[in-house]
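The structure appears below as structure tokens.
Every heavy atom of this structure was used, including side-chain atoms; hydrogens, water molecules and symmetry mates were not.
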Amino acid sequence: MVEPDLSRLARTIGDPTRMGMLALLMEGRALTAKELAYGCGVQPGTATEHLKRLQRDSLIESTAQGRHKYYRLASAEVAHAVEALMVVAKPMKVAPPCRRPAGALGAARFCYDHLAGELGTRLTAVLLEREYLVNHGEAMDVTERGKVWFADFGIDVTSLRKRRRRFAYPCLDWSERRDHLGGALGAAVAERMLELGWIDRQKHSRVVSISELGRRALASEFGFVIDSLASDQTVAISS
């Protein structure tokens, strides 16, 4: 019989530095070993050993480009697992340089490639209330009304269904303790909002800033405003 080696996985992610690296990579971008070392307050040589361990256990993958090697999470499933751990973990104070801007992260952030925090959960709640989405427990689906709305919003639902990743599912938000929209559909919504200029990604952070255009659009299209995150807010590297 073959079973998942959960004990080895627990030892790998149980190290504070390796867990910090996974959290940094949750912003969805590829980072260098030096960037990850700085973000977690360790020397580059030490970071390299941690990265090797994470890669051996298929939690991250690397790509060489020129003289640099970039690391990213191995899959959306890894990001989902990390976010799930954040839900059950007890809160703790984090000292610099791995400080976490709790207010900004709680307001709006990326969970790998889809929106989380207050923005993600409130947006998902509206889509469910208006019956554009329907919740089937571990999965979500688009209704007939939803197909029309998503098409008008610029998202081709049919093409998203053909992708190899899960189409849509409820992802429990660690800060809000409510579901936000994950999967290919959640990623498409986030990407579309970036294209429209409603939101912007802050460098080396999962924090999402909402533009003035985005504030007006969220108020008119979805009926809510998030006042706790300014579009010009400066934040530290999130972990």
(message) Please report the interatomic distance CH2(Trp198) to CG(Leu119), rounded to the nearest 0.5 Å.
(response) 10.5 Å
(request) Specify whether His114 and His180 have parallel, tilted or perpendicular ring planes, treating 30° as the upper limit for parallel and 60° as the lower limit for perpendicular. (result) tilted
(message) What's the separation between atom CG in Leu160 and atom CZ in Arg166, rounded to the nearest 0.5 Å?
(response) 15.0 Å
(message) Let me check something: do Leu24 and Met19 share a hydrophobic cluster, defined by ILVMFWY side-chain heavy atoms less than 4.5 Å apart, either directly or through other members?
(response) yes
(message) For a quick test of reading the model, state the closest non-hydrogen atom pair linking Arg11 to Arg18 and the distance between them.
(response) O-NH2, 3.3 Å
(message) To the nearest 0.5 Å, what is the distance between NZ on Lys34 and NE2 on His68?
(response) 9.0 Å
(request) Taking the side chain as every heavy atom from C-beta outward, state whether Phe224 and Val126 have any atom pair closer than 4.5 Å. (result) yes
(request) Show your working on side chain to side chain contact (heavy atoms under 4.5 Å, CB included) between Leu115 and Val208 and close with a plain yes or no. (result) CA-CA 8 Å; Leu115 294 173; Val208 171; 4.2 Å; yes
(request) Check whether Leu54 and Tyr70 end up in the same hydrophobic cluster, where Ile, Leu, Val, Met, Phe, Trp and Tyr are linked by side-chain heavy atoms less than 4.5 Å apart. (result) no
(message) side chain to side chain contact (heavy atoms under 4.5 Å, CB included) for Ile13 and Leu85? Distances and angles first, verdict last.
(response) CA-CA 10 Å; Ile13 64 178; Leu85 288 173; 3.5 Å; yes
(request) Provide the closest heavy-atom pair for Met21 versus Cys40 in the form atom of the first, atom of the second, distance. (result) N-SG, 3.5 Å
(message) Could you measure the distance from the CG atom of Leu133 to the CG atom of Asp179? Nearest 0.5 Å is fine.
(response) 11.5 Å
(message) Hydrophobic clustering (ILVMFWY, side-chain heavy atoms < 4.5 Å, transitive) - are Leu213 and Ile199 grouped together?
(response) yes
(request) Any chance you could measure Ser58, atom OG, to Leu73, atom CG, to the nearest 0.5 Å? (result) 12.5 Å
Side-chain donor/acceptor pairs under 3.5 Å, residues 181-197, sequence neighbours excluded:
from: Arg192; atom 1: NE; to: Phe153; atom 2: O; distance (Å): 2.7
from: Arg192; atom 1: NH1; to: Glu195; atom 2: OE1; distance (Å): 3.2

(request) May I have the step-by-step check of side-chain hydrogen bond (donor to acceptor under 3.5 Å, both in side chains) for Ser7 and Asp5, ending in yes or no? (result) CA-CA 6 Å; Ser7 61; Asp5 191 350; 3.0 Å; yes
(message) Once salt bridge (Lys or Arg N to Asp or Glu O under 4.0 Å) is applied, do any residues pair with Glu49, and if so which ones, sequence neighbours excluded?
(response) Lys52
(request) Write down the atom of Asn135, the atom of Met140, and the distance for their closest heavy-atom approach. (result) ND2-CE, 3.9 Å
(request) Determine yes or no for a side-chain-to-main-chain donor-acceptor pair under 3.5 angstrom, with Asp57 supplying the side chain and Leu59 the backbone. (result) no
(request) Provide the closest heavy-atom pair for Phe150 versus Leu127 in the form atom of the first, atom of the second, distance. (result) CZ-CD1, 4.3 Å
(request) I would like to know whether Ser209 and Asp200 meet side-chain hydrogen bond (donor to acceptor under 3.5 Å, both in side chains); could you show each step before the answer? (result) CA-CA 5 Å; Ser209 59; Asp200 191 21; 4.6 Å; no
(request) Answer yes or no: is there a donor N or O on one side and an acceptor on the other, between the side chain of Thr12 and the main chain of Arg8, under 3.5 Å? (result) yes
(request) Would you please say whether a donor-acceptor pair under 3.5 Å links the side chains of Thr121 and Asp173? (result) no
(request) Consider only side-chain heavy atoms of I, L, V, M, F, W and Y, link residues closer than 4.5 Å, and tell whether Leu218 and Phe110 are in one cluster. (result) yes
(request) Measure centre to centre between the rings of Tyr112 and His80, then say whether the value is under 6.0 Å. (result) no
(request) Mark yes or no: Arg161 above the aromatic ring of Phe167, with NZ or CZ under 6.0 Å from the six-membered ring centre and no more than 45 degrees from the axis. (result) yes
(message) Could you report the tightest heavy-atom contact between Glu221 and Arg130, atom names first, then the distance?
(response) O-NH1, 2.7 Å
(request) Grab the two heavy atoms, one from Ala47 and one from Ala37, that are nearest each other, plus how far apart they are. (result) CB-CB, 3.6 Å
(message) Would Val78 and Leu25 count as a side chain to side chain contact (heavy atoms under 4.5 Å, CB included) here? Give the steps.
(response) CA-CA 10 Å; Val78 174; Leu25 291 171; over 6 Å; no
(message) Closer than 4.0 angstrom, basic N to acidic O: yes or no for Arg109 and Glu83?
(response) yes
(message) Grouping I, L, V, M, F, W and Y whenever their side-chain heavy atoms are under 4.5 Å apart, do Phe222 and Leu128 come out in a common cluster?
(response) yes
(request) Kindly write out the residues that satisfy salt bridge (Lys or Arg N to Asp or Glu O under 4.0 Å) with Arg165, not counting sequence neighbours, or none if the list is empty. (result) Asp113
